[in-house]
Visitor: 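Supplied in structure tokens, the structure appears directly below.
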Amino acid sequence: MLDVRRMQVLRAVVTSGSVTAAAAHLGYTPSAVSQQVAALEKEAGIALLERVGRGVQPTAAGRLLTRHAAVISQHVAEAETALADLRMGRTGRLRIGYFASVGPNLLAPAVARLRREHPGVLIDPKLTDPDDPLSEVEQGNADLAIVVRRPGDESHQGIRVRLVHLLGDPYQALLPTGHPLAAQEVIDLADLAGEPWVGSEPPGPCLEPIIDACAAAGFSPDFVAKSEDYATAQAFVAAGLGVGLIPRLGLGTQHPGVLIRQVRRPEPIRTIYAAVRETLLGQPAPRALIDALIDAAS
């Protein structure tokens, strides 16, 4: 295989017209330049230079390799420029996994800010199941994902993924209008123990805070209807099927037949993180997105 560095030495000799001039240009000794050319001729299996008076000129093979050396040099320069652009956050692509309820109030403003600060970066958000985004980052299918995990999970072990805390998103109670607790602005969770419940979360990290909080209040919720869509869950509550809990970020447009009340003793809260591969944390665009997410969360 031809040595690319030796090809550049040959190019310097051909363009300068002599070994001595090439050595001065490259900062080598004439002897070192001659040795590099000799080694390249051995690799090529053909003479590359021939003496003419006190100088040298390329053979047909030497001219051919010199042309290719120029192309290689141009490609390397282009690669260095592209790499510098990527390193400085001027170009690149960010694949983002997210779940629906964080899209409007968390991800959208963060993406808008990132586009202003890094207009050359392609932003590729993908809606995923709340259980899946972290595995997408682990497997390299996403660069960053917004995930729900238990508090304290910043010290995620065993994989090269960093969890950055964004916010705690409290669940609030949904009551049908005319419910006996409607006059209360804040409801003790235990007061809902004997009620039929409308489920709004699939099994997974978003349901766990509800189950854990109800257990702490001394009961297990009796789900008589289930919906993995917050708007439908509100409609079920409005229809009188039961009461429910929905996180603040998931409330969206309030159904006219539903009352929203704060919950306490305890207040269920889902903890939302940005999961990002550690290798990206030092790069400007991913870091800027995390900072924008933190600001949007606050």
Visitor: Given Asp143, which partner from the list Arg95, Arg162, Arg93, Arg287 fulfils the salt bridge (Lys or Arg N to Asp or Glu O under 4.0 Å) test?
Guide: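 Result for salt bridge (Lys or Arg N to Asp or Glu O under 4.0 Å) with Asp143: Arg95.
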Visitor: I'd like to check the side-chain contact (heavy atoms from CB on, under 4.5 Å) partners of Thr29; sequence neighbours left out, ordered by chain and number.
Guide: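 Applying side-chain contact (heavy atoms from CB on, under 4.5 Å) to Thr29 gives Ser31, Ala32.
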Visitor: Is there any side-chain hydrogen bond (donor to acceptor under 3.5 Å, both in side chains) pair reaching into residues 182-199, and which pairs are they, with sequence neighbours excluded?
Guide: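 Sorted result for residues 182-199: His179-Glu195, Asp188-Arg264, Asp188-Arg265.
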Visitor: Are Val198 and Val243 connected in the hydrophobic side-chain network, where two residues link if heavy atoms are under 4.5 Å apart?
Guide: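 Different hydrophobic clusters.
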Visitor: Does any part of the side chain of Leu259, heavy atoms only, come nearer than 4.5 Å to the side chain of Leu181, both counted from C-beta?
Guide: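 No; the side chains remain at least 4.5 Å from each other.
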Visitor: Indicate if Tyr98 and Val164 have the same hydrophobic cluster label, given that clusters are the connected sets of ILVMFWY residues with side-chain heavy-atom separations under 4.5 angstrom.
Guide: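 Result: yes, single cluster for both.
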Visitor: Are side-chain heavy atoms of Arg270 and Pro205 found at a separation under 4.5 Å?
Guide: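 The answer is no, as the side chains (C-beta and beyond) never meet within the 4.5 Å cut-off.
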Visitor: Calculate, to the nearest 0.5 Å, the distance between atoms CD1 and SG belonging to Ile272 and Cys206 respectively.
Guide: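 Rounded to the nearest 0.5 Å, the CD1-SG separation comes to 7.5 Å.
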Visitor: In a table with atom names and distances, give each donor-acceptor pair under 3.5 Å that connects a side chain of residues 68-75 to protein atoms at least two apart or in another chain.
Guide:
{"unit_1": "Ser73", "atom_1": "OG", "unit_2": "Arg11", "atom_2": "NH1", "d": "3.4"}
{"unit_1": "Gln74", "atom_1": "NE2", "unit_2": "Glu78", "atom_2": "OE2", "d": "3.1"}

Visitor: Examine Leu192 and Leu174 and state if one hydrophobic cluster contains both, with Ile, Leu, Val, Met, Phe, Trp and Tyr joined whenever side-chain heavy atoms are less than 4.5 Å apart.
Guide: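 Each belongs to a different hydrophobic cluster.
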Visitor: Quick one: does Pro247's side chain get under 4.5 Å of Tyr230's, heavy atoms only?
Guide: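 Side chain of Pro247 against side chain of Tyr230, heavy atoms only: contact under 4.5 Å found.
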Visitor: Sequence neighbours excluded, which residues qualify as side-chain contact (heavy atoms from CB on, under 4.5 Å) partners of Thr279?
Guide: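 Counting only residues at least two positions away or on another chain, Thr279 forms a side-chain contact (heavy atoms from CB on, under 4.5 Å) with Arg277.
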Visitor: Scan the side chains in residues 16-25 for donor-acceptor partners under 3.5 Å anywhere in the protein, sequence neighbours excluded, and list what turns up.
Guide:
{"unit_1": "Ser16", "atom_1": "OG", "unit_2": "Ala12", "atom_2": "O", "d": "2.7"}
{"unit_1": "Ser16", "atom_1": "OG", "unit_2": "Val13", "atom_2": "O", "d": "3.4"}
{"unit_1": "Ser16", "atom_1": "OG", "unit_2": "Ser18", "atom_2": "O", "d": "3.2"}
{"unit_1": "Ser16", "atom_1": "OG", "unit_2": "Ala22", "atom_2": "N", "d": "3.3"}
{"unit_1": "Ser18", "atom_1": "OG", "unit_2": "Ala21", "atom_2": "N", "d": "3.0"}

Visitor: Give the minimum heavy-atom separation between Leu94 and Pro286, together with the two atoms involved.
Guide: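 Scanning both residues completely, I find the closest heavy atoms to be CD2-CG, 3.8 Å.
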Visitor: Within this structure, what is the CG-CG distance for the pair Leu40 and Asp3, rounded to the nearest 0.5 Å?
Guide: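 It is 7.5 Å, given to the nearest 0.5 Å.
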Visitor: Please, which pairs that meet side-chain hydrogen bond (donor to acceptor under 3.5 Å, both in side chains) have at least one residue in residues 236-255, sequence neighbours excluded?
Guide: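 Counting only pairs at least two positions apart or across chains, no side-chain hydrogen bond (donor to acceptor under 3.5 Å, both in side chains) contact touches residues 236-255.
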